[in-house]
Every structure is written in C-alpha cells, then in structure tokens.
Amino acid sequence: MNDVLLGLEGLTKAYPGVVANDDVSFDIREGEIHALLGENGAGKSTLVKMIYGLVKPDSGTMTLRGAAFEPAEPRAARAAGVAMVFQHFSLFDALSVAENVALGMENPPKPRDLARQIREVSETYGLPLDPGRTVGTLSAGERQRVEIIRCLLQDPKLLIMDEPTSVLTPQEVEILFETLRKLASEGTAILYISHKLEEIRSLCDHATILRLGKKVATCTPAEASARELAEMMVGASFETPQKAARQLGEVMLDVRGLSLPAPGAFGTPLREISFQVRAGEILGLGGVAGNGQDELLAALSGERLSGADVIRLRDRPIGNMGPTERRALGVLSGPEERLGHAAAPDMSLIENAVLTGAGRMGLLSGGFINWPKSKGFAEDVIRTFDVRTPGSGTAARALSGGNLQKFVIGREVLQSPEVLIVNQPTWGVDAAAAAAIRQALLNLAANGAALVVISQDLDELMEVSDRFGALNEGRLSDLRPVDGLTVEEIGLMMGGAHDMEVAHVDA
Amino acid sequence: MVLSPVIAVFLTMIVGGMMFAILGKPPLEAIKVIFWDPLFNDQFASYSRPQLLVKAGPLILIAIGLSIGFKAGIWNIGAEGQYIMGAICGAGAGLALYPSESFLIFPAMALAGGLGGWAWAMVPAVLKTRFGTNEILVSLMLTYVAQSILISVSSGLLRNPEGMGFPGSRNFKQWDAAFNAELIANTGLHWGVVAALIAVIGAYMLMSRHIMGFNIRLTGEAPRAARFAGVKPARVVFFCLGIAGLLAGAAGLFEVSGPAGQLTGSFNAGYGFTAIIVAFLGRLHPVGILLAGLLMALTYIGGELAQLMLNLPGAAIQLFQGMMLFFLLAADVFTNFRLRFGKKGVA
C-alpha cells in the first residue's frame, strides 16, 4: 500500500512573465488521499494539467510506478490510469447520463452494456444514478456523480479531483467522502484539490502546499489546524473577518411572494419567496447550486422584472424597475458567473468598471463616458481589493478567476450600496482574499447596508450572516438566526441529501 | 487585427491575378489597371479620380451604419433595400414639390430619404423584438420587396410626365434646387461624401465615448453582462437597425439626386451589399471603414476600366471583390486557429 504510484521530480513550467511551477517534487503513494493546497495562482492547476497531459513541463520528470510518465495528451494520461474530475463539468444537458459517459470514453461499449456497468459502479460506490436520465434534469451533485462514474469506469490508478465539494450539501459531501475513502482502501490514489481546509483535515492523508509555484511545505492535515494550513498557503498570518456588533435598522429590502417561471428549459422557477432584510443585517442563503440562486439574483438585480409591489426598497416598490434604475436607488448586485455575466470577458477592467459603475460613480456626463474618471474608479477597485493585474487596461479574461472575483465584488462594494445582493462572492478565491472580501461585506453591513449573500460555502455563510435560509427547488426555507444552528439542521433545510441513501455505502 | 485586411488584399491580388491569367488576360496588367490606372493614368485619371469619392461616399455611409449593428451582433443584411427606399422616399418628397426652387427642397429630400430608409429598417426591428424573427432573413427579403417597389414607381407613380413614356423619374440634374451637385468641381465631392465623413466622425465618437456605443459593444461581446448592466436588448435592436436604415436611406437619396440623377428600375448598383464587405474589411472601425470604402471604390472604378480596356467580364470583377471578403475571413480564422494535419481530434 505504500509504494510510490506517481513521483514528481523537479517539475518546472514557465509562462511568459510568470513561473507557474518551480522545481516541484513530491510523491503520491498508492491508496493515499493526497491534498494539493495553495492560493489562487500558486500553480495547482498547472501542476495538475501536467499530470493530466494538458501541459508539457519545461523540465523535470514524472514516474508512474517506476516507469517514466510523459503524457503528450489527456488520452495518453487516461490510458496510463490517470483520471480527472474537473471543477466545471463538461456534460451535455440534452443527452442522457449513459450518452455523456460514452462520449468521454475511448472505446465505449454497447449502450446496454454501458448502462449495466454504470449501474454496477454506482451501486458499488454509493453513487445512485439512472443511466437513462437526461443530464439537464440532474442536480449539480448528481452531475458530479456522472463525472466521477465516467472516471471510475476507466478503472483509474490515480483520480484527480478539482474542488469537488463546492456544489454539494453537507450530507452529499459526507457520502462523497465515503466513496473516496472506499476507493482509496481499494488502492486508488486520489489527488484532492480544495480550498476547504476542514474537509482536507478530515479526508486527506498527506498535503502538499504550493505557494507562488514552489512547494513550501508538506504535512499531515489531521495534525495541523485549519488556520496553520491557511497560513502555510499564504506565507503570512491574516485577519479572520470580525463580525462587529451591529445595530439593525429599518427594513431595507422587502420581498413578498416572489414567483417567477423558469427562464429556460433547465432553469428553476421561483416559488413564493418572501423575506425581509434590515439595515445592518446580512441574510445568508444557502442551498445546492441550481435550486434558484441565479434566478433569485436576477429577480433582485432587476434583470428579470416582477410585479412592482413584490420587491420593495424602504417601502418603495421597485419590482418593475430594471438594473439601472435599481442601481440609482442603491440596490447593487454581484452575480455568480464572473465571465460573461458580471464582466465582459474581452473588455478592459476600465470598461468593466463602467459596466455597473456608470451611473452611481458619476462616470457619465451628458451620455458621454468620462474615461479618465472611469480609469480612476477601476484603479481604486484594483488597489482597495488587491486585484493582481498588469494594469487597468487588461482584459477581464486575462485575470485569474480569483482576481476577477475580487474586482467584480470590489466594484459593487466601492459604490457604497444600500442593498447588496451577491451570489458566491468568494467562489474560487484563496483564503486570504476570501477573508478580505468577507470583511468588506461585514464592513458594509456595519455601515448600515442590507446584504443578501447567496453561497454554497456554508462556512462562509456561518461566518458572515446573521440569519440563514436555504433555497430548495426555488422555494425559500424558514429563516433562522445563525447562532446555534447545527450543520445537520442546515442540511435538512437544504433539502437533505437529494435522493441519496447513506446505506448504499455500507455495502 | 490590423494586419489581416492587408494580407487579404495581397492574397486577392495574387489569386485574382491567377484568375485573370486563366481568363487569358495579362495578370500584372490587369492588377495595374484596377489599382493604379484609375488614380494615375494620364489618359483616364482626370475622369476616374473624382469617381473615387462618388463611389466611396455611399459605401462608407452605409458601411458605417451597418458596422454599428454588427458590433452588437445585429446582422442587417438588407441595407440595399433601405438604400432603395431612401432613394424612393427622398426623390418622391422632392418631386411632389416640383418645380419649386426653394432652398429647402434638398434638405427636405435628404430628411425624407433618411426617414424612408429608417422606416424600412424598422420592419425587421419590430418583427425581431415582438416576435423573435431573424433580422438577417427579414432584412434581406425586404430588399427584394424594395426592388419591386422601385421598378413599380419608376415606371408608374414617379415617372417623368415629360419623359415621353420612358420609365424613370425626372432628372434631378436639370433641377437646381434638388440637384446634389459637386461642391468643388472635378473632385467628386458632393453632399453624400460630406455626410459620409460626418458619419465616420460621429460613429467614432459614439462607439468610443458614448454610453450608447458602449452598450452596443457590450451587447455584442457579452449579452448576459449587457442585461446585467441594464441594457435593454430591444432598444439596442431599434437603435442599430434604425441608424443603419437612416444612413443607407440618406446614401440612396444622395445617389439618386446626384451621380445617378434619376430614379430608374436599375438605379441601385449593389452598394448595400458591397458595404457589408467594406464594413468587415474596415474591421467595423470607422477609420478602417473610411479606408476600406476608398479601396473598394477603387476596385469598382478599376474594374470598369479593366472591362473597358482588357475586355474582362464584369462577373470576374465581382468575383475579385468577393475574394477580398473571403480572404479577410480566412485570414481571421487562421489568426485564431491553427490547422493540424494528419491527427484526429480527441473526443
């Protein structure tokens, strides 16, 4: 069990202007769950891409069970027994589970055999899945199961998982962990990438920590505290966001019976959503992805209109106003999808600052854009939120996900909103930057803004919110004060484990 | 980005030259006749040089309008129809007042021409925003409707009553108040060219400085981000199709009241379609369109010259112009993608 499966020796990969991996060496043993930790831009994805054959190292060698391992493309890596579950799923909504699995295979068996194999694997590993269902109708957790089963059917020796739990309920996470532990006990090595330090502590046998492309530490996660792990990643200590005692003021945002039909074939309708948020309060909304988060944000931001009286700001009906009018009144928002929704990929950060800041920051005069002033605003955001970019003229697409996230959240925060609605504010952002963003949200509330934070990161919601509610199939659960709420209660509010039975794992 | 139009023109010369050679014409001679002689040949240049502005004016004016819509992903292919309707409405407004010599006649005609093109472009706009129809199909098919209307009015409603039964309207060249004359003799500069230059500057200001231009670019680049920013998609559709129709209509009027002189069933010369090439050749940028318009006008004049001097068939010249767009698109594809031979893609 302790033989080295994959050995990495002095791996180096440089891109113009940045060394993504600098002389990285470590071993992954058979049957071990190995965590790869690091901030955004620490070089985790480059490293994993080299193992999976997507990127060729500049120097250094890899060995797989003692033999040289130089995959020229993912196909070669898969043939050698390396499988990967990506953070963003590559599934076709309109096809069935079995068809999607077949698309990822080199030599797919006959459909009937494949369906049988899918059933077998899903039974064995406690991942119930009907091969005939259309992927568009699956929850995010179930989609992840499709990806995992696709990998398991190839009988991998090494399974790479990139941020797998961000879309799961606590119960689903527990079941995934059982599956992974079972796989490991059968000898499959797992390389596990995550930002969630508590998960790594409970799941992983070893951890390798990268910082700025270099390996800086290895440790046994169970023996270190989450804070120690985080500080090893960042290389310095950082402030944990502080919830200051806040005075709750008048009701700012009042939503009464918000119902909207699903926007498309695979969207979620909103059903009778009602809540109030007071000045100085942060309402945290959890729930598994795809249960109405995007739709709720669109309804609150003004992208989709509802009856005027359904949404009120300080008792003023705003439900029929578009985004521009709502922004003028102080209702700002930050959607989950950074590229293409919160920001235009091929436009510069200056232009992206104009995108939502035009009215509130006074960037227009007589309809004409004041570019110098816009540039000033963009650079303000970049400075205040430590956005790492060559300059404000850089296209949004060129920024790493975490840095762009800091920019799009910072852009709204600096406009001093009265009501701010954000969806997944720290998605893909490293620990230190996430702490800074959460602190900014807390400061906004302390200054009297009302916030709605939609997130799938329960730790985040516990850290910032005063009250918690969960979205489940477009319905909002009862809202409860965060103090004294247990993880089990939250899981039940989120709708439990979505048709999964823990019993399967016992088999 | 800047390089691929240059590469496209170069490739067009090479492959066009090969085509001329196959047709049995001297290729270098033909290229010279098309690109050089119209401007510098002792014998023809004095006639053809002013023609450059005469041809480039409408091309630029129409292409500027189209480029704004193309930036937003609104594909108005029917500028030819809007151009025809502008000519009909503008000419009709003038002829209704014949033979008044008021100095307001020409401005009124220009206004009516612009409005005519605008109204014609509003048809696909309304259908698109109300019923979700495809503006490419609607605007294109309306071109053929406009063509039929043109044939009908030039031999009916607007026919010259003193034209001895020939189809075609009165000739504006014989009516000073309505004639779009050369502003400076022997330059080809008429009001349509002036309008084109104003449009270039206006479009540049709009797209680079004004929030409406910003919203148009945003809609084209990231439609979801545009909705998030508060851009109303219908407004962009109406604005883009409207401005394209307005400019194409004005171009039609300047043409019919100036260089063409009268409304006939065949007065439109395909400017509305060629302007699509001009818009892309100019990278949808106002200054680029200005240069591309001049270049395309050159191939028009040079092409006519080549037909005259080398007996090249007219179709060969159209092919030559089409190649320019073809190679431009190809050059763009190859700057973004790379061909790989002998390897199958990974599923």
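A, B, ... follow the sequence lines: proteins, then strands. Residue 1 opens every chain.
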Point to revise | Partner chain B: residue of A:Gly367, A:Gly322, A:Gly366, A:Pro323 with the largest heavy-atom pair count (under 4.5 Å) | key: A:Gly367

Point to revise | Greatest number of heavy atom pairs closer than 4.5 Å to chain B - which of A:Ala344, A:Pro345, A:Pro335, A:Ala342 | key: A:Pro335

**Study point:** Note, B:Phe214 side chain near A:Phe368 side chain (heavy atom, < 4.5 Å)
**Key:** no

**Study point:** Which atoms of A:Ala343 approach chain B - backbone, side chain, both or neither, heavy atom under 4.5 Å
**Key:** backbone

Practice item. Run the salt-bridge test on A:Asp294 and A:Arg304 with the 4.0 Å N-O cut-off and return the result as yes or no. Key: no

Point to revise | Atom group of A:Ala358 that falls short of 4.5 Å from chain B, counting heavy atoms | key: side chain

**Study point:** Heavy-atom side-chain proximity of B:Phe228 to A:Thr356 below 4.5 angstrom
**Key:** yes

Exercise for review: Without swapping roles, check the side chain of A:Arg360 against the backbone of A:Gln415 for a donor-acceptor pair under 3.5 Å.
Suggested key: yes

Exercise for review: Please flag which part of A:Arg326 lies under 4.5 Å from any non-hydrogen atom of chain B: side chain, backbone, both or neither.
Suggested key: neither

Exercise for review: Run the salt-bridge test on B:Lys128 and B:Glu135 with the 4.0 Å N-O cut-off and return the result as yes or no.
Suggested key: yes

Study note, to complete from the structure: Interface check, chain A: of B:Met212, B:Met205, B:His210, most non-hydrogen pairs under 4.5 Å belong to B:His210

Practice item. Could you tell me whether A:Glu337 and B:Arg224 have a side-chain N and a carboxylate O separated by less than 4.0 Å? Key: no

Practice item. Examine whether an atom of A:Leu364 lies under 4.5 Å from a heavy atom of chain B, and if so say whether it belongs to the side chain, the backbone or both; otherwise answer neither. Key: side chain

